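Worksheet for the structure shown next.
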Amino acid sequence: MLTITLPDGNSIKFSKKVTGLEVAEKISKSLLKQALIMSVNGELKDLSHIIENDSSIKIFTSKDREGLETIRHDTAHVLAMAVQELFPKTQVTIGPVIENGFYYDFARKDPFTEEDLIKIENKMLEIIERDEPTHREVWKRDKAIEHFKKSGEIYKAEIIKDIPKEEEVSVYFHGKWHDLCRGPHLSSTGKIGKYFKLTKVAGAYWRGDSNNEMLQRIYGTSWPSQKELDNYLKQIEEAEKRDHRKLGKEMDLFHFREESPGSVFWHEKGWKLFQKLVSYMRVKQDRAGYKEINTPEVLDRALWEKSGHWEKYGEHMYTSQTPDEKVFAIKPMNCPGHVQVFNQGLKSYRDLPLRISEFGKVHRYEPSGALHGLLRVRAFTQDDAHIFCTEDQITDECLKVTNLILDIYKDLGFENVILKYSDRPDLRVGDDNVWDKAEKALLDAVKASKLEYTINKGEGAFYGPKIEFVLRDAIGRDWQCGTLQVDLNLPERLDATFVDKDGVKKVPVMLHRALFGSLERFIGILIENYAGKFPFWISPLQVIVIPISEEFDKYAKEVNNKIINVGIISEVDLKNHNLNYKIREHSVSKVPILLICGKKEVDSNTVSIRKLDSNKQENMDLKLFLKKFSALNKASSN
RNA sequence: GCCCUUGUAGCUCAGCUGGUAGAGCAAUUGAUUUGUAAUCAAUAGGUCCGCGGUUCGACUCCGUGCGGGGGCACCA
């Protein structure tokens, strides 16, 4: 007698041991059809697994994460099968499930081409059609190693060596083809369905280590239905439409060029956007008690040696030699400069917390392969600040920073923020009791924020624990932006001290914080979040005034001047084009407000408002328009 | 940095197996004076990314450098 307990608490009795399939069949015909895998006492198993003892089991279908992941995992196997059928000398390595799909890494001399991908896809369909049955075998470790070595699968043999001794080595067969795999798998290749697509080929290091050889990775996606596959592909298209590199060009915001890879050439509109964000933050930071300063971009090598950057960060630093043979570094960070400002003049405990901010432009020699539009550049502007304080002030200051960041993100349309908290790494400086304090203070601030957070063990900076602020954009992508770090190291290295109440000189704690992180990167994120359609107040070109014909040019110019005078960015379009043409042109370039002026407007001293993405028009008294829309500009800094 | 891929007019892209380049949009000029997403016509645009090689001849083939894209690694 065997009792199987189901998730709803009901149980079924069987007279002898059973497989998952038999359990599913007992529950319902439709479940049997949909069943993909199961869990037995919480452990994922094939449906063909034989249950010998009383167990609680759950059956998964494609609606469950577990089921979907198994479909993807099986698709990866079929990919590997197809590749080996088409290109027999190719070695297989690993093929895990990832977000929205899977990949498989292969070792092969010749690169896979786009045409190969199509061939492989067709072969995969064929294999699915063949509906090869799955079965699982447990092999002795030595036998498995020898087997894979013999069949030329060096990588698989290596993987087996690393499987913990207590784990069994299982091999899955789909028909004759087999692969070392932990499982579980679907009962046959036909169960996958045909809603998959191979998306790209890329290089990837064996075991993710850049010292190892490079393998060829094929990425794919796989879904339970055509609808879900189409949906996913559409999402990707949507993301491509929002690509800030594309929009930046179309909207004439910035460009890049060969003479300075990874550095932005800001055009008028892009720079306006940049300046607007800076002015906005300046107001916010002034109110939050920050003192804005500015420090040199080029600083003597000796300072960087003392700060530790020369040694720890040197390979990312630009240097420059002057005609007198002195070596300077172009700053990759603002912190040493800020400590020097702190060091200028004697500081008292009464000066703390001292919040020094700078819109500091830094240069970092990033690996060429890392560059990516505005999101990863070599020269960028940090909205940086360093807070010098006592240990007792850490929590309070961290909390203030967190609130400031959330406030600012909210104004810019990001309400969904999570935190990543990272504590002490193995390689670190400073006493453990100081770390204890710093970690507790920072974690207290995290908890007080009431935001969702993750703890990344051991991922803190070598000089202190940190929080990273991750925001979620309009189409659900996460971006790491702000950062807050406690520094137990640099103030001491650079001899920062303050005179405490007892008259003794002490070393202050320093907090590093950035709100957007990099202005450049943040603008890239903003462009993608809004698909270029910025809210009125940040838009770098807010209004275009369009006269219907030459007759109304004078009125249009007057209107434009009045608008500019109330602080709205406006242009008048006097070009010899018809109204439709102009509306299209400025809609495509995403100007939020178009004002049309013709006879009706001149006679009544009004404007006709056409908002972006709306074909409704609103006629408004000009004075009212000026009042209403200039107020929108101010709303952000209230 | 590594693997793959790519580089033609301001932009988006054609250019077959080698015979020194074309379209649409934009620009300029002219006509048109327009009521809510592309009026018509004419004109002017190019070291075909750079450098080397093969060839009678290279945008096209080969090598190399640089840049872009997709990943990997990196992101203190």
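Numbered from 1 within each chain, the chains take letters A, B, ... in sequence-line order. FYI, side chains are in, hydrogens and waters are out, and symmetry mates aren't considered; it's all heavy atoms of this structure. Keep in mind that this is a model prediction, so the values were computed, not measured.
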Let me know the distance between [atom1] of [X] and [atom2] of [N], rounded to the nearest Å.
| X | N | atom1 | atom2 | result |
| --- | --- | --- | --- | --- |
| His255(A) | rG67(B) | NE2 | P | 15 Å |
| Lys249(A) | rG69(B) | NZ | C1' | 11 Å |
| Arg217(A) | rU5(B) | CZ | C1' | 17 Å |
| Tyr219(A) | rC3(B) | OH | C1' | 12 Å |
| Glu259(A) | rG65(B) | CD | P | 20 Å |
| Leu375(A) | rG69(B) | CG | C1' | 14 Å |
| Glu213(A) | rG1(B) | CD | C1' | 17 Å |
| Asp116(A) | rU5(B) | CG | C1' | 14 Å |

Under 6.0 Å from the six-membered ring centre of [Y] and within 45° of its axis: does the NZ or CZ of [X] meet both?
| X | Y | value |
| --- | --- | --- |
| Arg72(A) | Phe102(A) | no |
| Arg108(A) | Phe112(A) | yes |
| Lys599(A) | Phe552(A) | no |
| Arg378(A) | Tyr365(A) | yes |

Worksheet item: How are the rings of Phe265(A) and His255(A) set relative to one another: parallel (under 30°), tilted (30 to 60°) or perpendicular (over 60°)?
Response: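 Plane angle under 30°, so parallel.
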Practice prompt. Return yes if the base of rG1(B) and the side-chain atoms of Tyr205(A) contain a donor-acceptor N/O pair under 3.5 Å, otherwise no.
Written response: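 Pair found.
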Discussion item. If you go through the side-chain atoms of Glu551(A), does one of them form a donor-acceptor pair with the base of rU33(B) closer than 3.5 Å?
Written reply: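 No, the side chain and the base share no sub-3.5 Å donor-acceptor pair.
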Given that both distances must come in under 3.5 Å, which nucleotide forms a Watson-Crick or G-U wobble pair with [N]?
| N | answer |
| --- | --- |
| rU28(B) | rA42(B) |
| rU47(B) | none |
| rC74(B) | none |
| rC59(B) | none |
| rU12(B) | rA23(B) |

Given the [atom1] atoms of [N] and [M], what is the spacing between them in whole Å?
| N | M | atom1 | result |
| --- | --- | --- | --- |
| rG46(B) | rA21(B) | P | 13 Å |
| rG22(B) | rA44(B) | P | 13 Å |
| rC16(B) | rC49(B) | P | 14 Å |
| rC3(B) | rU12(B) | P | 28 Å |
| rC56(B) | rC66(B) | P | 32 Å |
| rG63(B) | rU54(B) | P | 15 Å |
| rG10(B) | rG45(B) | C1' | 9 Å |
| rC61(B) | rU8(B) | P | 15 Å |

Practice prompt. Over all heavy atoms of both residues, which pair between Leu515(A) and Tyr409(A) is shortest? Give the atoms and the distance, please.
Written response: O-OH, 2.7 Å
Discussion item. So if I take every side-chain heavy atom of Pro111(A) and compare against rC4(B), rC2(B), rG67(B), which nucleotide ends up nearest?
Written reply: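 Comparing rC4(B), rC2(B), rG67(B) against the side chain of Pro111(A), the answer is rC4(B).
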Worksheet entry | Candidate nucleotides rG70(B), rC72(B), rG67(B), ranked by approach to the side chain of Pro261(A) - the nearest |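 Closest nucleotide to the Pro261(A) side chain: rG67(B).
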Select base, sugar-phosphate, or nothing to describe what [X] touches, counting heavy atoms under 4.0 Å on all strands.
| X | result |
| --- | --- |
| Ala202(A) | base |
| Phe112(A) | nothing |
| His309(A) | nothing |
| Phe256(A) | nothing |
| Ser549(A) | base |
| Lys312(A) | nothing |
| Arg376(A) | base |

Contact under 4.0 Å: [X] side-chain N or O vs [N] OP1/OP2:
| X | N | result |
| --- | --- | --- |
| Ser368(A) | rG1(B) | yes |
| Arg245(A) | rG70(B) | yes |
| Tyr313(A) | rC75(B) | no |

Item to complete: Tell me whether the centres of the aromatic rings in Tyr219(A) and Tyr103(A) are closer together than 6.0 Å.
Response: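 Yes, ring centres under 6.0 Å apart.
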Worksheet item: Are the aromatic rings of Phe106(A) and Phe87(A) close, with centres under 6.0 Å apart?
Response: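 Not close enough - the centres of the two rings lie 6.0 Å or further apart.
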Worksheet, complete the sentence: Comparing nearest nucleotides in RNA chain B, the 5'-proximal residue of the pair Met333(A), Lys200(A) is Lys200(A)
Worksheet, complete the sentence: Judged by nearest nucleotide, the residue sitting upstream toward the 5' end of RNA chain B, Thr113(A) or Asp209(A), is Thr113(A)
Worksheet item: Do Lys457(A) and Ser422(A) have a side chain donor and acceptor closer than 3.5 Å?
Response: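 Not at all, the side chains of Lys457(A) and Ser422(A) share no donor-acceptor pair under 3.5 Å.
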Worksheet item: Pick from Phe516(A), Phe380(A), Trp479(A), Phe274(A): which one makes a ring pair (Phe, Tyr, Trp, His ring centres under 6.0 Å) with Phe522(A)?
Response: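 Testing each of Phe516(A), Phe380(A), Trp479(A), Phe274(A) against Phe522(A), the sole residue satisfying ring pair (Phe, Tyr, Trp, His ring centres under 6.0 Å) is Phe516(A).
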Discussion item. I'd like to compare against my own output: the B/S/- annotation of nucleotides 35-48 of chain B with a strict under-4.0 Å heavy-atom distance to protein.
Written reply: BBBBB---------
Worksheet item: How about Glu305(A): does its CD atom have over 12 heavy atoms from other parts shown lying under 6.0 Å from it?
Response: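 It does: Glu305(A) CD has more than 12 such atoms within range.
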Fill in: Base orientation of rG35(B), syn vs anti, 90° cut from 0
anti
